[in-house]
Amino acid sequence: MYRRAKIYKIRHFSTCVRNMPPKICLNNGVKCPQFGLGTWLSAPGEVQKAVKHAIDVGYRFIDCAWLYGNEKEIGTAINEKICDGTVKREELFIGTKLWNTFHEKDQVVPACKDSLKNLNLEYLDLYLIHWPVAQKNLGKVDKNLPFKDAVYTDVDYIETWEGMEQCSKLGLAKCIGVSNFNSKQLEKLLSCSKIKPVMNQVEVNPLLNQKPLIKFCKDRDVFVTAYSPLGSPKRPWAKPGDVIFSLEDPKLVKIAKKHGKTPGQVVLRYIFQLGTVPIPKSVNPKRLEENIDIFDFELCPEDLEVLDCFNCNERAVHAEELKDSKYYPFKGVEF
Ligand SMILES: NC(=O)C1=CN([C@@H]2O[C@H](COP(=O)(O)OP(=O)(O)OC[C@H]3O[C@@H](n4cnc5c(N)ncnc54)[C@H](OP(=O)(O)O)[C@@H]3O)[C@@H](O)[C@H]2O)C=CC1
Ligand SMILES: O=C1CO[C@H](CO)[C@@H](O)[C@@H]1O
């Protein structure tokens with residue numbers, strides 16, 4: 001009896017230590033937690049610990065990518081947390097992304113299988129086309145600067161999508177979607193796909209709140225995942241003079257104080273209230289706990305108005321080395 005109570009207490013603590021993120025229902029009926037963990041630049045050697053801690057404190061959606069070079073460690077962490085009884089596989093939502101060098105139709109299933117092997121999982125909950133632009137495979141990829149010396153090719157993302165549909169049909173991925181697609185690209189994909197994308201993962205933060213694209217996606221039943229929600233302050237390509245979002249802005253600090261929260265929590269709550277799925281990255285235990293602890297307060301219309309004023313359509317992630325490709329998403333279109 002005592003033993004049972006103790007086990008219950010531990011499980012209860014690990015899953016209900018704070019308000020859990022709500023779940024959203026995607027256009028194929030699959031449920032997805034409306035908050036996740038980013039893993040880009042989470043270094044091998046620290047990401048395993050970070051993912052285990054994240055799962056302990058309530059994260060259920062882990063955002064990965066083949067490009068990030070850390071799928072193996074993340075997979076080890078996930079499997080350890082399943083083995084020790086903290087979570088069941090079906091309670092997790094694991095997503096990863098197809099890199100630009102595997103866009104030809106017959107490369108997609110093998111690339112997906114490679115990510116599954118790295119993660120040591122039987123299926124993905126979500127597989128995304130990382131960018132609408134295909135790149136030539138030049139050998140080693142630098143995850144910090146993957147577009148340096150990039151040679152783009154003319155493989156159409158519609159062809160790539162056929163490979164993604166095969167991943168879905170083979171049961172390798174329960175959901176498939178895209179990332180960094182603009183409104184025109186998404187519209188074209190929706191018009192000719194047999195399986196609809198469930199998600200478009202794009203940059204969303206106070207400097208680029210993406211309201212028009214979020215509305216566009218919502219109207220078409222495609223959910224938006226918000227990457228770089230804190231403005232990606234450590235992006236390796238930032239130059240002096242680039243606009244970097246500051247969590248120390250006095251207007252933000254004032255709102256945070258009013259709610260008894262940190263500026264980071266206010267930003268993440270704002271992005272959640274925009275109707276997206278924020279996926280902040282952290283490998284720091286305290287910040288991992290802080291970031292997910294945003295489900296016990298609400299920003300009022302006046303707070304939202306202040307936060308809206310930061311928007312200046314300034315991108316942290318622009319991949320401008322690809323700008324001459326006809327598939328480059330960030331030019332020639334309003335959003
Ligand atoms: N699809 C795509 O093309 C892209 C997808 N992504 C995804 O989105 C995720 C998040 O975006 P990312 O660009 O990493 O940037 P974020 O906006 O999530 O910022 C992460 C940085 O902020 C720090 N940080 C985290 N929490 C806090 C906090 N509460 N207060 C202060 N600093 C904090 C982190 O450091 P520390 O770890 O030390 O806490 C890290 O340096 C990525 O990791 C990746 O999974 C990102 C870019 C492009
Ligand atoms: O996910 C990502 C993280 O940053 C990378 C470096 O530019 C991007 O390519 C990528 O989209």
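Ligands are counted one by one from 1 in listed order, and the atoms in each one are counted from 1 as well. Side chains are part of it too, since the values below use all heavy atoms of this structure and drop only hydrogens, waters and symmetry mates.
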Query - Those atoms of ligand 2 less than 4.0 Å from some heavy atom in P146 - result: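 Near P146, the atoms of ligand 2 are 6 (C), 7 (O), 9 (O).
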
Measure the distance from [atom] to every protein heavy atom, then report the residue, atom name and distance (to 0.1 Å) of the closest one.
| atom | result |
| --- | --- |
| atom 25 (C) of ligand 1 | K281 O, 3.1 Å |
| atom 10 (C) of ligand 2 | H130 NE2, 3.4 Å |
| atom 45 (O) of ligand 1 | D63 OD2, 2.7 Å |
| atom 9 (C) of ligand 1 | I279 O, 3.3 Å |
| atom 22 (O) of ligand 1 | P233 CG, 3.6 Å |
| atom 17 (O) of ligand 1 | L230 N, 2.8 Å |
| atom 3 (O) of ligand 1 | N180 ND2, 2.9 Å |
| atom 43 (O) of ligand 1 | W40 N, 2.9 Å |

Query raised in the report: Which is it for R235 and ligand 2 at heavy atoms under 4.0 Å: side chain, backbone, both or neither?
Result: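 Contact part for R235 vs ligand 2: neither.
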
Shortest non-hydrogen contact between [X] and [Y], atoms and distance:
| X | Y | answer |
| --- | --- | --- |
| E290 | Q265 | O-NE2, 2.9 Å |
| G171 | Y123 | O-CB, 3.7 Å |
| K196 | R220 | NZ-O, 3.3 Å |
| I195 | E165 | N-OE2, 2.8 Å |

Requested in this report: Report the residue from T276, T225, D63 that forms a side chain to side chain donor-acceptor pair (under 3.5 Å) with Q201.
Outcome: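 Of the listed options, the one satisfying the test is D63.
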
Atoms in ligand 1 with a heavy atom of [X] nearer than 4.0 Å:
| X | result |
| --- | --- |
| E290 | 29 (N) |
| H130 | 1 (N), 2 (C), 3 (O) |
| P280 | 18 (O) |
| G231 | 17 (O) |

Query - Given I214, L189, L26, L190, the one that forms side-chain contact (heavy atoms from CB on, under 4.5 Å) with V222 - result: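 The single option meeting the side-chain contact (heavy atoms from CB on, under 4.5 Å) with V222 is L190.
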
Quick one about [Y] and [X] (side-chain donor to acceptor, distance below 3.5 Å, no hydrogens or angles considered), yes or no?
| X | Y | value |
| --- | --- | --- |
| R269 | Q273 | yes |
| E203 | H318 | no |
| N284 | S282 | no |
| Y227 | N180 | yes |
| Y270 | D303 | no |
| T76 | Q48 | no |

Query raised in the report: N/O of K97 under 3.5 Å from N/O of ligand 2, yes or no?
Result: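 No, no N or O pair falls under 3.5 Å.
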
Report task. Could you tell me whether Y68 and ligand 2 have an N or O pair separated by under 3.5 Å? Result ->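 So ligand 2 has an N or O lying under 3.5 Å from an N or O of Y68.
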
Heavy atoms only, cut-off 4.0 Å: how does [X] contact ligand 1, side chain, backbone, both, or neither?
| X | answer |
| --- | --- |
| S179 | side chain |
| L247 | side chain |
| K97 | side chain |

Out of [options], who is nearest to [atom] when you count heavy atoms only?
| atom | options | value |
| --- | --- | --- |
| atom 48 (C) of ligand 1 | F245, W131, Y68, Y227 | Y227 |
| atom 36 (P) of ligand 1 | R287, Q201, K234 | R287 |
| atom 13 (O) of ligand 1 | P278, S232, P229 | S232 |
| atom 4 (O) of ligand 2 | W131, F147, W40 | W40 |

Requested in this report: May I ask whether A319 has any heavy atom positioned less than 4.0 angstrom from an atom of ligand 2?
Outcome: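 For ligand 2, residue contact (heavy atoms, under 4.0 Å) with A319 is absent.
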
Query raised in the report: Looking only at heavy atoms of W237, does any of them come nearer than 4.0 Å to an atom of ligand 2?
Result: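 Contact present.
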
Query - Over-ring placement of K258 relative to F297, 6.0 Å and 45° cut-offs - result: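 Pair K258/F297 does not count as cation-pi.
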
Query raised in the report: Are any of the side-chain nitrogens in K188 or D156 under 4.0 Å away from the carboxylate oxygens of its partner?
Result: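 Looking at D156 together with K188, the answer is yes, because their closest N to O distance falls below 4.0 Å.
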
Report task. Report yes if some N/O of N291 lies less than 3.5 Å from some N/O of ligand 1; otherwise report no. Result ->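 By distance alone, the answer is yes.
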
Report task. Decide whether an N or O pair under 3.5 Å exists between L37 and ligand 1. Result ->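 No: no nitrogen or oxygen of L37 is under 3.5 Å from one in ligand 1.
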
Query raised in the report: Between V243 and L207, is a side-chain contact (heavy atoms from CB on, under 4.5 Å) present by the stated rule, with each step listed?
Result: CA-CA 9 Å; V243 184; L207 299 182; 3.8 Å; yes

Query raised in the report: How are the rings of W40 and Y68 set relative to one another: parallel (under 30°), tilted (30 to 60°) or perpendicular (over 60°)?
Result: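 Ring orientation of W40 relative to Y68: tilted.
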
